[in-house]
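Take a look at the structure below.
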2 protein chains.
Amino acid sequence: MAETTAHGTARRGGREQRVTKQRLAVSAALDRLQDFVSTQDLHRLLHDEGASVSLATTYRILQSMADEGLVDVLRTDDGEAVYRRCEATGHHHHLVCRRCGRAVDIEAPAVETWASHVAREHGYTAIEHTVEIFGLCPECTAIVAREAAEA
Amino acid sequence: MAETTAHGTARRGGREQRVTKQRLAVSAALDRLQDFVSTQDLHRLLHDEGASVSLATTYRILQSMADEGLVDVLRTDDGEAVYRRCEATGHHHHLVCRRCGRAVDIEAPAVETWASHVAREHGYTAIEHTVEIFGLCPECTAIVAREAAEA
DNA sequence: TTCACTGCAAATGCTTTGCAGCGCC
DNA sequence: GGCGCTGCAAAGCATTTGCAGTGAA
């Protein structure tokens, strides 16, 4: 569906993609973060550091980057979309901290084959799957433990 | 968090749960369906067959049933919550038709151990995970194929 | 100059909530 | 009878969109 050129500049169906300061700001922020962030959070972040990107534009840019496969999208428990630029380029999964959003890329070939095997077994076609692991990262584990001790 | 009695009647933290005709209607509808449905869809369904359950109540009942573990909850790609009564009672996953919502319960002990192993390896704690497989069920595969042929 | 990109604000659509009346236990 | 449950309508929120101005190529 979406193609990406060697330099990260992307195009969709031949339509050009202009390099604006808003797009650069969003891209830079994503590079700097190693966490999954919601559009609202990212917009607040950009706004706080003085970048002029409107909320609507943040939504548009993030959505377009997701379409182009430049960022990974996830849904939090309450249905909010969160985005993250990943090292891994192809299909992969994540181990995500549910407190701070920090994530680790996970490859799991065995799970892939298992999924397609199970699906085919039941006659399902056009298979896709989602596998995400949520937990508390080491740091957040410590913080939560400390808070529990104080209480 | 939530406990369930032997007869499906449930209680939370000692607070009682009354058996109303709305709750029975929702429960019956879920039993009849073998598919994941959104609150909006379920409400439309109930309304069309004459049951008098308001949308707000449908939301409240479904949410409470999810809290009690009486139904499984999933999020569609666009963040909408969908519910389903499952045969399997404990932790399990699903093979879901993305067109009609029909689902098959999946058990995958190997995936469970893999997930907790990976998480621990990275120092993550309080682990949970989601594994869902989406595709087209046999019937929908046929329908889609026919539509493609006609076009 | 052109046309994609932006900002702003209004509009969506799902979900939640306040409140008064109803009905299960 | 008491109190949880309902319905209705009014919020709440994340996300989308129409439109006119702006700026990248």
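By convention in this document, chain letters (A, B, ...) are assigned in the order of the sequence lines, proteins followed by strands, and residues within each chain are numbered from 1.
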Residue-level proximity of residues 31-41 of chain A to DNA chain C when a heavy atom falls under 4.0 Å: none

Working for side chain to side chain donor-acceptor pair (under 3.5 Å), residues B:Arg75 and A:Thr76: CA-CA 9 Å; B:Arg75 291 269 170 189; A:Thr76 62; over 6 Å; no

Euclidean distance, atom [atom1] of residue [X] to atom [atom2] of [N] [Å, nearest integer]:
X: B:Tyr59; N: D:dG7; atom1: OH; atom2: C1'; value: 15 Å
X: A:Leu46; N: C:dG7; atom1: CG; atom2: C1'; value: 15 Å
X: A:Leu55; N: C:dA11; atom1: CG; atom2: P; value: 18 Å
X: A:Gln63; N: D:dT15; atom1: CD; atom2: P; value: 10 Å
X: A:His43; N: C:dT6; atom1: NE2; atom2: P; value: 13 Å
X: B:Arg23; N: D:dT6; atom1: CZ; atom2: P; value: 8 Å
X: B:Asp67; N: D:dG4; atom1: CG; atom2: P; value: 17 Å
X: A:Leu62; N: D:dT15; atom1: CG; atom2: C1'; value: 12 Å

Other cluster members, B:Ile106 - Ile/Leu/Val/Met/Phe/Trp/Tyr, side-chain contacts below 4.5 Å: A:Leu95, A:Val104, A:Ile106, A:Val111, A:Trp114, A:Val118, A:Tyr124, A:Ile127, A:Val131, A:Ile133, B:Leu95, B:Val104, B:Val111, B:Trp114, B:Val118, B:Tyr124, B:Ile127, B:Val131, B:Ile133

Residues touching DNA chain D, which here means a heavy atom under 4.0 Å, drawn from residues 74-84 of chain A: A:Glu80, A:Ala81

Considering all heavy atoms, the nearest B:Ala126-A:Arg98 contact: O-NH2, 2.8 Å

B:Cys140 side chain near B:Arg102 side chain, heavy-atom distance below 4.5 Å: no

Heavy-atom side-chain proximity of A:Ile61 to A:Gln22 below 4.5 angstrom: yes

Does a donor on one side chain and an acceptor on the other come within less than 3.5 Å for [X] and [Y]?
X: B:Gln40; Y: B:Tyr59; value: yes
X: B:Thr141; Y: B:Arg99; value: no
X: B:His93; Y: B:Glu107; value: no

Which atom pairs, donor and acceptor, lie under 3.5 Å between side-chain atoms of residues 47-56 of chain B and protein residues at least two apart or in another chain?
{"unit_1": "B:Glu49", "atom_1": "OE1", "unit_2": "B:Arg32", "atom_2": "NH1", "d": "3.3"}
{"unit_1": "B:Ser54", "atom_1": "OG", "unit_2": "B:Thr57", "atom_2": "N", "d": "3.2"}
{"unit_1": "B:Ser54", "atom_1": "OG", "unit_2": "B:Thr57", "atom_2": "OG1", "d": "3.0"}

Separation of B:Ser38 OG from B:Leu74 CG (nearest 0.5 Å): 12.5 Å

D:dC5 phosphate, OP1 or OP2, under 4.0 Å from B:Gln22 side-chain N/O: no

Atom pairs under 3.5 Å: protein N/O with N/O of nucleotides 18-25 of chain D:
{"unit_1": "D:dG23", "atom_1": "N2", "unit_2": "A:Arg18", "atom_2": "NH1", "d": "2.6"}

Residues which pass ring pair (Phe, Tyr, Trp, His ring centres under 6.0 Å) with A:His92, listed by chain and number, not counting sequence neighbours: A:His94

